[in-house]
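Since the structure comes first, as structure tokens, the remarks are kept for the end.
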Amino acid sequence: MPATALASPPTRTVHSARVAEIVAAARRVLDTEGWDAVTMRRLATEVGIQAPSLYKHIADKGALAAALIEDALLEMGEVLHAAVAKPGRRGPVSALLVAYREHSVANSEVYRLATSGPLARDALTPGVEEWAGQPFFLATGDAAKAQALWSFAHGMVILEIDGRYPEGSDLDATWRAGGAAFTA
């Protein structure tokens with residue numbers, strides 16, 4: 001597949017309107033207060049049902065996390081596929097890194113949920129994770145380089161989100177140096 005191709009995302013399981021409402025409420029709480037604030041009781045209140053009724057729609061918090069992670073992967077995949085398909089003068093690696101950083105930092109709580117700890121791959125629509133990561137391969141043309149590039153980008157993002165770089169660090173220069181290393 002050429003590096004400018006925009007692949008289609010996998011067909012996702014369609015959820016009921018109530019499940020979509022619950023997942024959207026969970027995302028709002030996650031984005032504003034973090035994963036620890038996302039409780040089944042809180043979500044029931046947010047959508048106006050009794051807590052026991054929530055379990056008729058979402059099996060448990062793990063299923064809710066899987067739905068949020070799948071949404072996050074689809075969002076990220078769309079952003080990254082678009083960046084690689086139309087990189088402009090930056091080139092595909094730099095365009096990919098800029099898009100990854102901007103999207104991840106702007107959506108830090110769902111990013112953290114989607115990229116930390118074990119991943120329940122069997123709870124995701126088949127192919128979603130691979131499709132979301134495909135732009136790294138499209139930008140590099142090599143599976144090992146793609147994985148290394150994602151590892152670099154993830155490490156940079158999570159350290160930036162957590163405020164772990166020393167004060168005065170020129171992160172833009174660090175991102176450019178990383179991009180240059182993978183372009184050489």
Are the side chain of Ser53 and the backbone of Ile49 linked by a donor-acceptor contact shorter than 3.5 Å?
-> no
Salt bridge (charged side-chain N to carboxylate O under 4.0 Å, His left out) partners for Asp31, two or more places apart = Arg27
Starting at CG of Leu74, measure out to CE of Met76 and round the result to the nearest 0.5 Å.
-> 12.0 Å
What salt bridge (Lys or Arg N to Asp or Glu O under 4.0 Å) pairs are there with at least one residue in residues 150-161, not counting sequence neighbours?
-> Arg101-Glu160
Contacts of type side-chain hydrogen bond (donor to acceptor under 3.5 Å, both in side chains), residue Arg18, not counting sequence neighbours | Glu21
For Thr125, all residues meeting side-chain hydrogen bond (donor to acceptor under 3.5 Å, both in side chains), sequence neighbours excluded = Glu70
Residues in salt bridge (charged side-chain N to carboxylate O under 4.0 Å, His left out) with Arg121, at least two apart?
-> Glu129
Across all chains, not counting sequence neighbours, the ring-ring contact (aromatic ring centres under 6.0 Å, His included) partners of Phe182 are none
Is the shortest heavy-atom distance from the side chain of Val84 to the side chain of Leu80 under 4.5 Å?
-> no
Should Val98 and Met156 be regarded as members of a common hydrophobic cluster, given that ILVMFWY residues are connected when their side-chain heavy atoms come within less than 4.5 Å of each other, either directly or indirectly?
-> no
The reported gap from OG in Ser16 to NZ in Lys56 (rounded to nearest 0.5 angstrom) is 13.0 Å
Please list, one pair per line, the donor and acceptor atoms closer than 3.5 Å that link side chains of residues 33-45 to other protein atoms, with sequence neighbours excluded.
unit_1	atom_1	unit_2	atom_2	d
Glu33	OE1	Arg42	NH1	3.1
Glu33	OE2	Arg42	NH1	3.4
Glu33	OE2	Arg42	NH2	2.6
Thr39	OG1	Arg42	N	3.0
Arg42	NE	Glu46	OE2	3.2
Thr45	OG1	Arg41	O	3.2

Would you confirm whether Trp131, through its side chain, and Gly77, through its main-chain N or O, come within 3.5 Å as a donor-acceptor pair?
-> no
Quick one: does Asp60's side chain get under 4.5 Å of Leu64's, heavy atoms only?
-> no
Pairs meeting criterion ring-ring contact (aromatic ring centres under 6.0 Å, His included) with involvement of residues 160-180, two or more places apart = Phe152-Trp175
Student check: side-chain heavy atoms of His81 and Leu138 closer than 4.5 Å = yes
Partners passing ring-ring contact (aromatic ring centres under 6.0 Å, His included) against His15 (at least two apart in sequence or in another chain) = none
For the hydrophobic clusters of this structure (ILVMFWY residues joined by side-chain heavy atoms under 4.5 Å, transitively), does one cluster hold both Val128 and Val19?
-> yes
Here the salt bridge (Lys or Arg N to Asp or Glu O under 4.0 Å) pairs for residues 135-152, sequence neighbours left out, are none
I'd like a table of donor-acceptor pairs (distance under 3.5 Å, sequence neighbours excluded) in which one partner is a side-chain atom from residues 108-117, with atom names and distances.
unit_1	atom_1	unit_2	atom_2	d
Tyr111	OH	Tyr100	OH	2.7
Tyr111	OH	His154	ND1	2.5
Arg112	NH1	Asp162	OD1	2.9
Arg112	NH2	Asp162	OD1	2.9
Thr115	OG1	Tyr111	O	2.7
Ser116	OG	Arg112	O	2.6

Is there side-chain contact between Leu149 and Leu97, with at least one heavy-atom pair below 4.5 Å?
-> yes
Over all atoms of both residues, closest heavy-atom pair of Val79 and Ala99 | CG1-CB, 3.8 Å
Identify the heavy atoms of Leu68 and Ala26 that sit nearest to each other, and give their distance.
-> CD1-CB, 4.0 Å
For Ala173, what residues pass the side chain to side chain contact (heavy atoms under 4.5 Å, CB included) criterion, not counting sequence neighbours?
-> Asp170, Arg176
